[in-house]
Amino acid sequence: MTRTPRIPNLGGARAFILHRPHPTVQAITRQLSAIGLITLDCWPELPPEALAADFVFFDADLGFDEQFPWKPGEAPMPLVALIGSEAPGRIEWALSHKADAQLLKPVGNAGVYSALLIARQSFEARKHLASEIAALRQRVAERQTIVRAVTALSKGTDDDRAYAQLRSLAMSWQISVEDAARRIVAMTEEEGGDDQSHRA
C-alpha cells in the first residue's frame, strides 16, 4: 500500500519572487499572501538572505545564472519557473536550474498553490534520491577498499583467510571492517612509498 503524502501547512513560509516589476509579481503575491506565505520580490538578483527562503519563483524569460547565489541545479529550496516564452533555449535554461514546478505567464487568480505543493514534493524527492545515490557511492567505495585490503592481506594465502584476518583485526582494533580496511590500505600504501624511496 502506497502512502499518499500529506499536504503541508505553508503558512509562515518565505517565498522570494525574482522577477522584474510586473503584474505577474502582483498576481503571485496576492495568491501567496492568501495562502499565508511571506513574500519578497527582487530584481535583478536574489539577495543573500534568499538562501534561507522556503521557495523561489524566478523569471525563466529574462533570467541568467548570475542572479542566483548558487550553481545551476544546486538550489537549497524548491524553485518555480515563471514561463512566458516557450523558446527552447529559455526552457533549457530553466531546466538547467532544475525547476521543481512551473507557472505559465500571464499568471491569473489560481495556480500558485498547486505549483508550491508540486515544487515541494519534487524537491524533496530529488533530495532523497541524491542522498540515496551518495550512500550507494559510499558503499561502493567502501567495498573497493575492502577488496584492496583483502588483496594486501592475501599474499601467500587465500581470500577467505585474508577476509577472516581483516575481520579479526577490526575486532581487535574495535573498529568497523570498513575502517580496518582503510587502515590496512593506508599502511600498504605507506610501505609501498617507503620501498620506492629506498630504491631511489
Side-chain angles (χ1 to χ4, degrees), residues 1-10 12-16 18 37 45-58 60 63-83 91-103 114-154 159-160 162-190 192-193:
M1 188 174 121
T2 54
R3 251 180 86 212
T4 47
R6 273 185 70 243
I7 302 294
N9 177 10
L10 300 174
R14 282 163 49 94
F16 276 77
L18 181 60
L37 275 80
E45 59 191 36
L46 285 170
E49 58 267 27
L51 286 166
D54 297 292
F55 297 92
V56 169
F57 290 74
F58 70 94
F64 51 95
D65 290 346
E66 292 73 24
Q67 289 182 299
F68 303 98
W70 53 75
K71 291 178 185 166
E74 295 181 11
M77 76 289 290
L79 299 180
V80 180
L82 303 168
I83 299 172
I91 303 290
E92 196 176 311
W93 180 80
L95 288 171
S96 78
H97 280 273
K98 292 196 168 47
D100 299 292
Q102 66 173 42
L103 267 176
S114 59
L116 288 173
L117 296 181
I118 290 165
R120 161 98 37 108
Q121 183 78 12
S122 175
F123 178 76
E124 292 300 333
R126 194 155 45 82
K127 254 182 25 180
H128 180 70
L129 185 61
S131 70
E132 276 189 351
I133 289 168
L136 285 170
R137 282 186 177 147
Q138 177 65 28
R139 282 173 59 190
V140 167
E142 284 174 352
R143 283 190 181 159
Q144 288 171 340
T145 304
I146 290 170
V147 168
R148 286 174 64 196
V150 167
T151 303
L153 292 169
S154 69
D159 287 350
D160 289 340
Y163 183 68
Q165 187 185 351
L166 176 63
R167 288 181 61 194
S168 173
L169 285 167
M171 285 171 66
S172 66
W173 292 337
Q174 296 183 341
I175 58 177
S176 69
V177 171
E178 292 81 8
D179 286 340
R182 277 192 282 277
R183 196 178 283 185
I184 297 292
V185 168
M187 287 179 353
T188 308
E189 285 172 353
E190 278 173 25

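Here the structure is a predicted model, which means the values were calculated and not measured. Any value given below was found using the heavy atoms of this structure, including those in side chains, with hydrogens, waters and symmetry copies removed.
- Across Asp159 and Val150, no two heavy atoms sit closer than the pair O-CG1, 3.8 Å.
- Between Asp65 and Lys71 there is no side-chain heavy-atom pair separated by less than 4.5 Å.
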Test log, rule side chain to side chain contact (heavy atoms under 4.5 Å, CB included), inputs Phe64 and Glu45: CA-CA 9 Å; Phe64 51 95; Glu45 59 191 36; 5.6 Å; no
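- Once rounded to the nearest 0.5 Å, the distance linking CD of Gln144 with CZ of Arg139 reads 13.5 Å.
- Sorted by first and then second residue, the salt bridge (charged side-chain N to carboxylate O under 4.0 Å, His left out) pairs with a member in residues 91-102 read Asp100-Arg126; sequence neighbours excluded.
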Test log, rule side chain to side chain contact (heavy atoms under 4.5 Å, CB included), inputs Arg148 and Thr188: CA-CA 10 Å; Arg148 286 174 64 196; Thr188 308; over 6 Å; no
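- Side-chain atoms of His128 and Phe123, non-hydrogen and from C-beta on, never get closer than 4.5 Å to each other.
- Under the 4.5 Å side-chain criterion, counting only non-hydrogen atoms from C-beta, Gln102 is not in contact with Val80.
- The two residues Ala101 and Ile118 come nearest to each other via the heavy atoms CB-CG2, 4.1 Å.
- Here the straight-line distance linking atom CD1 of Ile91 with atom OG of Ser96 works out to 11.5 Å at 0.5 Å rounding.
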Pair Phe68-Leu51, side chain to side chain contact (heavy atoms under 4.5 Å, CB included): steps then yes or no: CA-CA 9 Å; Phe68 303 98; Leu51 286 166; over 6 Å; no
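- Ionic pairing of Glu142 and Arg137 is not present here: no N-O contact between side-chain nitrogen and carboxylate oxygen is shorter than 4.0 angstrom.
- If you take CG on Leu166 and OG on Ser154, they are separated by 11.0 Å, rounding to the nearest 0.5 Å.
- Checked against side chain to side chain donor-acceptor pair (under 3.5 Å), Glu124 has no partners two or more places apart in sequence or in another chain.
- By the 4.5 Å heavy-atom criterion applied to side chains, Leu46 and Gln67 are not counted as neighbours.
- Two residues are said to be in side-chain contact when any heavy atoms from C-beta on lie closer than 4.5 Å; Arg120 and Leu10 meet this criterion.
- The backbone N or O of Val147 sits less than 3.5 Å from a side-chain atom of Thr151, completing a donor-acceptor pair.
- Rounded to the nearest 0.5 angstrom, Leu117 CG and Ser122 OG are separated by 12.5 Å.
- Rounding to the nearest 0.5 angstrom, the gap separating the CD atom in Glu74 from the NE2 atom in His97 is 10.5 Å.
- Contact of the Leu37 side chain with the Phe55 side chain is registered, since non-hydrogen atoms from C-beta on lie closer than 4.5 Å.
- Proximity of the aromatic rings of Phe16 and Phe58 is defined here by a centroid distance below 6.0 angstrom, and this criterion is not met.
- Shown here for Ala81 and Ala94, the closest heavy-atom pair between the two residues is CB-CB, 4.3 Å.
- Rounded to the nearest 0.5 angstrom, Leu18 CG and Leu82 CG are separated by 9.0 Å.
- Here salt bridge (charged side-chain N to carboxylate O under 4.0 Å, His left out) pairs that include residues 165-179, with residues two or more places apart or in two chains, are Asp179-Arg182.
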